[in-house]
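Quick notes on the structure that follows.
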Amino acid sequence: MFLDDPDVPPDTNRIENKLRPAKLGQRNWLFAWTELGAENIGIVNGLLATCRMQGVDPRIWLTDVLLRIDTHPASRVDELTPRRWKTLFADDPLTSDVAAATAGRLHAAAKGAA
């Protein structure tokens, strides 16, 4: 397959390295309570690894997607995957009020310290 598509790497080393943190936290996943919980943890870890592979900050992506998902059309949910999100929304991501308030306090504290 990698011979037909130049975007597909000939090995999976890069992907395996991105998934390594999930493997290292394996003991933590023992307490997912249910198989469905464990499956959801795997999905979230996969999405976060995809963010890192695409050069997207997982915190910014997750905040934007969680704020956007309520009004985003279900027929275009693929636009919220890290790879598509990077090209469509990364230039102007949605931010939470908590992040804005925290940034304001940090800015004020830095000003006061100067």
- Positive for side chain to side chain contact (heavy atoms under 4.5 Å, CB included) with Arg84, one of Glu79, Arg76, Gln54: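 Filter result, single survivor: Glu79.
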**Asked** Between Leu94 and Leu62, is there a shared hydrophobic cluster once you connect ILVMFWY residues whose side-chain heavy atoms come closer than 4.5 Å?
**Response** no
Margin query: Are Val56 and Met53 connected into the same hydrophobic cluster when the rule is that any two of I, L, V, M, F, W, Y join if their side-chain heavy atoms are below 4.5 Å apart?
Written below: no
With a 4.5 Å heavy-atom cut-off, do [X] and [Y] have their side chains touching?
X	Y	value
Asn40	Val44	no
Phe89	Val65	no
Pro93	Trp85	yes

| request: For Thr63 and Ile60, indicate whether the former's side chain and the latter's backbone hold a donor-acceptor pair under 3.5 Å. | output: no
* Asked: In Å, rounded to the nearest 0.5 Å, how long is the span from CZ of Arg59 to CG of Asp64?
  ->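 Rounded to the nearest 0.5 Å, the CZ-CG separation comes out at 14.5 Å.
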Measure the CD1-CG distance between Ile43 and Leu48 for me, rounded to the nearest 0.5 Å.
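Ile43 atom CD1 to Leu48 atom CG measures 12.0 Å (nearest 0.5 Å).
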Review point. Going through the distances and angles, do Ile69 and Leu80 end up as a side chain to side chain contact (heavy atoms under 4.5 Å, CB included)?
Key: CA-CA 8 Å; Ile69 201 163; Leu80 300 178; 4.2 Å; yes
